[in-house]
Each structure stands twice: as C-alpha cells, then as structure tokens.
Amino acid sequence: MNIKNIKKKIYIKTWGCQMNEHDSSIIKNILMRKKEYILTNNPENSDIFILNTCSIREKAQEKLFHQLGRWKKIKTKKPNIIIAVGGCVATQEGKRIYQRAKFINIIFGPQTIHKLPELLKQAYKNKKIIIDINTKSLQKFKNSINTKIDKKFTSFVSIMEGCNKYCSFCIVPYTRGKEVHRNNYEIISEIKKLTKIGVKEIILLGQNVNAYNVYDNVYQKKYNFSDLLYEISEIPKIHRIRYITSHPMEFNDNLIEAYKNIPQLTNFLHLPLQSGSNRILKLMKRGYTIEQYEEIIRKLKNIRPKINISSDFIIGFPGETKEDFQKTLNIISKINFDTSYSFIYSKRPGTRAAKLIDNTPIEEKKKRLAILQKKIIQQSFQWRRRMLGTVQSIIVEGVAGNNIQELRGRTENNRIVHFEGHPKLIGKFIQLKIIDINYKTYLKGTII
Ligand code: SAH
Ligand code: F3S
C-alpha cells in the first residue's frame, strides 16, 4: 500500500457552550475537506488529538491538564502524534499551557480555527510549539457548513462572535474578544444553503445575538437583529427560528414586536437574568434592573401568552446575602421560569468581580444552589404537566429507539416527544397531541 494514501486519523474532544460545539463542527468540516484526514472516535488509534476547551468556570482548566495527561501516555508510546489545544482556555492561558505540558504541538484560539490545516502541516514539519491565538477574524464561518456532514433538520448559524458587555464575573470578552458581526448577506446565503439539505429549524448563535448590527452596503442603511429575523422569516423552508443567547439590555420593542409578526419565532426564550437582586445585578454590571427584565417579559407575554422563559442563574456571587438569594427565588416563582441553568459563582482571573470580597462559605453556596435547582425542576415539571392534552408542532428528527415505527421530535419548548409513525415522516413538520407525560426523558404523543 502506498503510505501516502493512509489518512491521518483525527480525534476531537469538545467542552463548553454551543459556540464551542459549533466551532468543533467547523473544525471537522475544514479538516474533512482535506483528503489527508479522517475522523475517529477512538483515541487509541488516532494520529492527531484536538481539544476544544472552555474556561467559563474554573474547573475546566484543571480538567484540561488531566486530559492532556492521558494523551501524554499515548504520545510516549507513539511520539509522532500531534496534540492541538484550542478554545477559550487556549486564548486565556496561551504559552502557559505549553510550559506545563511541553509535549503539545499547537495552541490555537476560537478565531484561528480556519488555520488548522496549515498549523497541522507546520507541526509535522517542525517540532517546535506553534501558538496562533490572535483574535478578530470571522474567516472560520466561511467553512461553517458542509452539505455532506450536516445532513440534519436543525442547524446552528453563527451571526456574531465575542462580547462587549464585560459583565463583572465573565471571562468571555477576554477569551473570545470584542464583538465581531457577520455580514448579513453571508448569513442569509448560509441559511438558504442549509434549507437545500433539509434544514427546517435554525438556531442563531452568538454570545450576545440581539446586539447584532451591521451596515447593509447594498441598501446603505443600518441592519440589526430584528431586521435579520424578518429576513429569515421570508425564507420559505425555515419553519422555526431560535437564538442563543440574547441579553435583556438590548431586548428592545422592535424585537418584542417581531414575536407578533414572525410565527416562526418559537414560543421559547432563553433570556439570562443571573440574579433576582438589583444590588447583585449592579455588582455584576449586567446593565438592567429586575423591573426592566419583568417589563420585557410582561410585553412578550402580552403577545405570546404561552411563551416559556428560561434563564441562567449565578449563585453565591461575591457578597450575595440570604436576602439577595431569597429575591432570586421570588423572581423565579413570579416569572415562572421553565428549565434553567444555574451555577455556583466561579472566580475568573482578570475579571472585575475577582477583586470583590467573597466571604460566603462554599457549603452555604451549595445549599443555595440545591434549593434553587429543586425549585426550577418543580416549575419545569409543572410546565410539562400543562402540556398534557395539548397540540404541539414538532420537526420529526428521526427514529426514537430500536423500534423503527417509534419516531421522535422536539416541541417548541424543547421537550422531546416520542410517537408512533412511519419513517417517511422524518424531516417533516407535523402536529402531535401529547398523551403521556410520565416518562423521565421524553413525552408521548400521537399524530393528529
Ligand atoms: N452571553 C450570555 C452568557 C454567556 S456565559 C449572557 O448574556 O448571559 C453562560 C452562562 O455561564 C452565563 O449566563 C452565566 O450564568 C454563567 N457564567 C459565566 N461566567 C460565570 C462565572 N464566572 N461563574 C459562574 N457562572 C458563570
Ligand atoms: Fe459574558 Fe455578560 Fe457577555 S455573561 S458573554 S460578558 S453578556
């Protein structure tokens, strides 16, 4: 066999948010276009190891070195393997990762992933560490879809990268850089291409999607997030539009009005609140008050009475008192949040909150987190219970299990539903009646 024809196997491991998941799928697309590479799920026989990291909370960093330790053992046996570390920890720690793990070959950032083929070539030629983490490029999005790999009905579409908000607890503006917004024509063209391979639902992606605004060179005018939503809603095959993550500060009346005019916008909104105390929100530098947040929700519910709202919460932010925490619990009941994410505050180096005095014991924070999570689970269950007997629209995603007649799809409010149906329904947008809510991970429905 000609040795040149043997493809190099690539193993990719991803941690973190949807941004990172999407970045990893772009990495796959970019590398699979090159004939010399093939993906593998088995690290033992891989030639190239790529770790796409996350640094939003502290744990991720230590996890990185544990993972690298495991790969070091493989490299001791097979010295020619290449190890590349990318993502937010890479941007944050840069060369320091190499100083602790001298056996790695490449360090790349979230905005240099399009250079990976070139970096890999260099790494094979030259054994010196290659570090390329400069930020501020949207080049990678030129490769964000690959019609061969992305054969599915739901797809992420990145519209921007980075964040200018500098919430006092958050590392993202430092690791992903300042906001850069993609050209509107490029986004629309990507969505149209996706519809050609069957995509019916898109999830617009960015750290701060509703801050999106560009200058439309053709019509010579400003073009913002609502403009984008209206334009997408005119693409015939897109049945559903979701987005993550939006910020309360830029949730303006135009965007609220869009919920009246665009039926494709789902009855589900993830709008991070973080805390129910105005004092803490101020320390977090979130830029809104509880009253302003409630006003957004009130206006939205006027238009969409059944909309489900989910949120992110940070527990134990420096100085959070029992009273502050109680306010968070109160607002959770008042807004009646659906399934939400909650995290114990993690001190991130270089952020403004890192300088604040934090004297709440970790045991107390864990207790608060448990109370909050229990409450969210109860509320989420009530939302689920209210779905019994209702009619829900779903996109049929595939077969549910071993039984080919049992299919699955997802409701607007993110619940998986199983139902009996012919596999030819896969990819179709259909209506189901919810008939059973007693299974743990899914609901049961029947076609109507
Ligand atoms: N852009 C989004 C969120 C990005 S990070 C927004 O506007 O909210 C995702 C979530 O991680 C945040 O909403 C926050 O709840 C959590 N998070 C971010 N930094 C954190 C930290 N230092 N400690 C704990 N949780 C954090
Ligand atoms: Fe982080 Fe706040 Fe931006 S949470 S991503 S700095 S909106």
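As the structure lists them, so they are numbered: ligands from 1, and atoms in each ligand from 1. Along the sequence shown, residues carry numbers from 1.
- Under 4.0 Å from any atom of ligand 2, one finds heavy atoms of residues Cys163, Lys165, Tyr166, Cys167, Phe169, Cys170, Val172, Pro173, Gln207, His247, Arg286.
- Counting non-hydrogen atoms of other residues, nucleotides and ligands closer than 6.0 Å to CD of Gln292 gives a total above 12.
- Of the possible polar contacts, none joining the Ser155 side chain to the Ile202 backbone as a donor-acceptor pair under 3.5 Å is found.
- Less than 6.0 angstrom separates the ring centroid of Tyr174 from the ring centroid of Tyr166.
- Under the rule for a salt bridge (Lys or Arg N to Asp or Glu O under 4.0 Å), Lys200 has no partner lying at least two apart in sequence or in another chain.
- Glu257 is linked by a salt bridge (Lys or Arg N to Asp or Glu O under 4.0 Å) to Lys260, counting only residues two or more places apart in sequence or in another chain.
- Aromatic pair Phe313/Phe337: centroids less than 6.0 angstrom apart.
- Protein residues with a heavy atom under 4.0 Å from ligand 1 are Ile56, Arg57, Phe169, Gln207, Thr245, His247, Pro272, Gln274, Arg286, Asp312, Ile314, Phe343, Ile344, Tyr345, Ser346, Arg348.
- Separation of the Phe429 and Phe153 ring centroids does not fall under the 6.0 Å cut-off.
- Under 3.5 Å, the side chains of Asn224 and Asn213 contain no donor-acceptor pair of N or O atoms.
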Let's go through Arg368 and Glu364 carefully: what are the C-alpha distance in whole Å and the side-chain angles of both, what is the deciding distance for salt bridge (Lys or Arg N to Asp or Glu O under 4.0 Å) to 0.1 Å, and is it a yes or a no?
CA-CA 6 Å; Arg368 288 181 196 172; Glu364 172 64 23; 2.8 Å; yes
